[in-house]
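Have a look at the structure below, then the notes.
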Amino acid sequence: MSEASAFGGTAAVREAHRFDEAMLAAWLRENVADYAGPLEVQQFKGGQSNPTYKLITPRRTYVLRRKPPGTLLKGAHAVEREARVLTALETVGFPVAHVHGLCIDEGIIGTWFYVMDCVEGRIVWDATFPTLSARERPQYFEAMNATLARLHQVDYGAIGLGDYGRSGNYFERQIVRWSQQYLGDAEAGRDPHMDRLIEWLPANIPPGDETSIVHGDFRVDNLIFHPTEPRVLAVLDWELSTLGHPLADFAYHLMMYRMPPRVITGLIGSDLAALGIPGEANYVAAYCRRTGRDGIAHLEFYLAFNLFRFAAICHGIKARCQRGTAASAHALEMAGAFPDMARDAWEQARRAMSK
């Protein structure tokens, strides 16, 4: 089975994520302009955190994102924040789906949710872009790079997001957040590499600070590309977005160069030159050129932080699997990858120590 068929597309709604579709249809009639049934509901296979559904009607197709059912960690699965950032970014033409409405009445489908347009295009599950030629691939890497650089240059205050997160001390706050989440998910157990990282990271935060909107999970499979052009039509999955350090966000995206094609798409093991894919140094230079930087000092720390953060996400998915609230069939694989991700994060920290 291909990665796209395993994690892309839709299927019947999973038992744990079913809801009263008649109640949803009634809400859509009241809150979505031009909505007209009948309504068919399918569930997207991908996504680890917030269950996501395709809402099919005779005239239009929509997407619904909801909090998962069950016990949730405080502040997690904040679909209301997703709806807010999408709505704000649309006002400056950033590529996002149009949001039709947010529902905070748990009596409708059991949890908060929002409904947005279904953007038609291509989702790519492999960062080597296997269906493209070596001549075409660089254009798609340019499109990804340019989209993230553009996000980091949006004037967040001017679009009403001045209070979307706290300014300053981003790494300190994020390390505390993910450390607490890791320690709080007792069901998933402990790992010695994570325990070392929890001690090392806060003691080695580089000097300097910046603030921008950060996506938090910017990678190739969270983008919808134009059907035939190297152009990003929509950036998906804003659950982890906030105000934060743009270099943390960029380094997360850059992890594709430091990871094998395991639980998320990675480039280790690929012949980048033969594929026409820019090398890591050139990709960093392109981002720096677009954002007016001379370079990125302390890049190895930023990568260590992001590998730690991703390991903590895998740990949280492992805990949700054990609680029965994981949102994807892919979740078990993500959970199983946790020990390897924790080890890789610590090895990256050791590389940062040697710089």
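Worth saying up front: this structure is predicted, and the values here are computed from it rather than measured. Because only heavy atoms are used, hydrogens play no part in the values below, and waters and symmetry mates are left out as well, while side chains stay in.
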Practice item. Could you check if a side-chain atom of Glu172 sits within less than 4.5 angstrom of a side-chain atom of Ile205, using non-hydrogen atoms only? Key: yes
Point to revise | Those residues that, when tested against Arg350, pass salt bridge (charged side-chain N to carboxylate O under 4.0 Å, His left out) (two or more places apart) | key: Glu347
Point to revise | Minimum-distance pair of heavy atoms, taken over all atoms of His193 and Ala342 | key: CB-O, 3.4 Å
**Study point:** Min side-chain heavy-atom separation Tyr170-Glu210 under 4.5 Å
**Key:** no
**Study point:** Any side-chain heavy-atom pair of Asp209 and Ser167 under 4.5 Å
**Key:** no
Exercise for review: Determine whether the aromatic ring centres of Phe19 and Phe113 lie less than 6.0 Å apart.
Suggested key: no
Show every donor-acceptor pair shorter than 3.5 Å between a side-chain atom in residues 305-318 and any protein atom, with sequence neighbours excluded, or say none if there are none.
from: Asn306; atom 1: ND2; to: Ala248; atom 2: O; distance (Å): 2.9
from: Asn306; atom 1: ND2; to: Tyr302; atom 2: O; distance (Å): 2.9
from: Arg309; atom 1: NH1; to: Gly216; atom 2: O; distance (Å): 3.0
from: Arg309; atom 1: NH2; to: Gly216; atom 2: O; distance (Å): 2.6
from: His315; atom 1: NE2; to: Gly189; atom 2: O; distance (Å): 2.7
from: Lys318; atom 1: NZ; to: Ala188; atom 2: O; distance (Å): 3.3

Point to revise | Parallel, tilted or perpendicular: ring planes of Tyr283 versus Tyr257, cut at 30 and 60 degrees | key: tilted
**Study point:** Mutual orientation of the aromatic rings belonging to Tyr182 and Phe338 [parallel < 30°, tilted 30-60°, perpendicular > 60°]
**Key:** tilted
**Study point:** Set of salt bridge (charged side-chain N to carboxylate O under 4.0 Å, His left out) partners for Arg231, sequence neighbours left out
**Key:** Glu229
Practice item. Taking the six-membered ring for Trp and the single ring otherwise, decide whether the centroids of Tyr35 and His100 are under 6.0 Å apart. Key: no
Point to revise | Exercise: do His152 and Tyr287 side chains pair donor with acceptor under 3.5 Å | key: yes
Practice item. Provide the full list of salt bridge (charged side-chain N to carboxylate O under 4.0 Å, His left out) pairs with a residue in residues 131-149, sequence neighbours left out, each pair given once. Key: Glu142-Arg290
Exercise for review: With sequence neighbours left out, write down each residue that passes ring-ring contact (aromatic ring centres under 6.0 Å, His included) with Tyr140, or none if nothing qualifies.
Suggested key: Phe129, Phe225
Practice item. Evaluate the side-chain proximity of Leu247 to His298: yes if any heavy-atom separation is below 4.5 Å, no if none is. Key: no
Review point. Going by the angle between their ring planes, with limits at 30° and 60°, are Phe301 and Phe171 parallel, tilted or perpendicular?
Key: perpendicular
Check your understanding: Taking only residues two or more places apart in sequence or in another chain, which ones pass side chain to side chain donor-acceptor pair (under 3.5 Å) with Glu300?
Key -> Arg258, Gln348
Review point. Which atom pair, heavy atoms only, marks the closest approach of Asp249 to Val214?
Key: OD2-CA, 3.4 Å
Exercise for review: Using the rule that two of Ile, Leu, Val, Met, Phe, Trp, Tyr join whenever any of their side-chain heavy atoms come within less than 4.5 Å, decide whether Leu102 and Ile159 are in one cluster.
Suggested key: yes
Review point. Is the charged tip of Arg81 near the ring of Tyr164: under 6.0 Å from the six-membered ring centre and within 45° of its axis?
Key: yes
